[in-house]
Amino acid sequence: MSEDQKAVLAAISQEHGVLVSPEGVGASAKGEPKVLITMGSDSDLPLMMKAVDTLRYEFGIPCLVQINSVHRDLRTVVQHIDNLPDSVQVVIACAGGAAHLPGNIADLRADLPVIGVPRDLGALKGVDALLSMVQMPEGAPVAVMAIGDAGAVNAAIHAAKELAIGEPAIKQRLHAYAEKRKQRVATQNQTLESRLSTYSK
Ligand code: RP5
């Protein structure tokens, strides 16, 4: 591990985040985090792994993963968000229920775009989280994705698109990802006749 990478990991561990990259997690990860993926509880993690894995495997983008609860420990959230590594350029924030985390981060960090992912949770199945995130008052925008899995994946794609403005390598990976999606449709058409025959009486 290079001295630079050791310094990156030391700085990150002080802030209680975990670095994740295509190479691995924590000490096995490489590079500087470009995206913060944060959530109100580790119960959000299965959902947010879809964002983490899309960033690292589709786009090769290292991220920092961190739990931040504005309802259980607001003071630590402020400390974490005030002290993000300078390499972080986009924040993805997930929460369920009365979901204040993305909006709070949008206020704390005037310099960073915040993407919200509403978790499908509880009696209102994510509609509460969606409305909490999307109805931000003027001045502190949150780019809100769909509720649940699609929202988590789309948050990663949206973050990659923001980073691609300054990084041609990420732009290329976005085009490759779009090609794969197109290929799915072509494959579906190729197998359509046999699918249709399974429906015939
Ligand atoms: C939110 O409350 C979290 O983001 C999570 O979606 C929800 C439930 O948290 P746990 O009770 O599972 O920790 O703040």
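Both counts, for ligands and for their atoms, begin at 1 and track the order of listing. Quantities reported herein were computed from a predicted structural model and do not represent experimental measurements.
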Q: Tell me, please: is Met39 in heavy-atom contact with ligand 1, that is, under 4.0 Å?
A: no

Q) Do Lys125 and Asp120 sit within salt-bridge range, that is, some charged N less than 4.0 Å from a carboxylate O? A) no

Q: Provide the number and element of each atom of ligand 1 under 4.0 Å from a heavy atom of Arg119.
A: 5 (C), 6 (O)

Q | Protein contact to atom 12 (O) of ligand 1 [nearest heavy atom, distance to 0.1 Å] | A | Ser43 OG, 2.6 Å

Show every donor-acceptor pair shorter than 3.5 Å between a side-chain atom in residues 135-151 and any protein atom, with sequence neighbours excluded, or say none if there are none.
none

Q) Counting distance only, does the side-chain N/O of His71 pair as donor-acceptor with the main-chain N or O of Ala98 below 3.5 Å? A) yes

Q. Using heavy atoms and a threshold below 4.0 Å, how should the contact between Leu121 and ligand 1 be classified: side chain, backbone, both, or neither?
A. side chain

Q: Could you find the nearest protein heavy atom to atom 11 (O) of ligand 1 and give me its residue, atom name and distance?
A: Arg72 NH2, 3.0 Å

Q | Leu112 versus Val90, closest heavy-atom pair with distance | A | CD2-N, 4.5 Å

Q. Can you tell me the protein heavy atom closest to atom 14 (O) of ligand 1 and the distance?
A. His71 ND1, 4.0 Å

(Q) Nearest 0.5 Å, please: how far is CD in Gln89 from CD1 in Ile61? (A) 9.5 Å

Q) From Ile81 CD1 over to Gln66 CD, what is the distance, rounded to the nearest 0.5 angstrom? A) 5.5 Å

Q. Identify the closest protein heavy atom to atom 13 (O) of ligand 1: which residue and atom is it, and at what distance?
A. Ser41 OG, 2.6 Å

Q: Starting from atom 3 (C) of ligand 1, find the nearest protein heavy-atom neighbour and note its residue, name and distance.
A: Asp44 OD2, 3.4 Å

Q.
I need the nearest protein heavy-atom contact for atom 1 (C) of ligand 1: residue, atom name and distance, please.
A. Gly96 O, 3.6 Å

Q | Residue Asn189 excluded, over 12 heavy atoms near CG under 6.0 Å | A | yes

Q | Distance filter under 4.0 Å to Gly40 heavy atoms, resulting ligand 1 atoms | A | 3 (C), 4 (O)

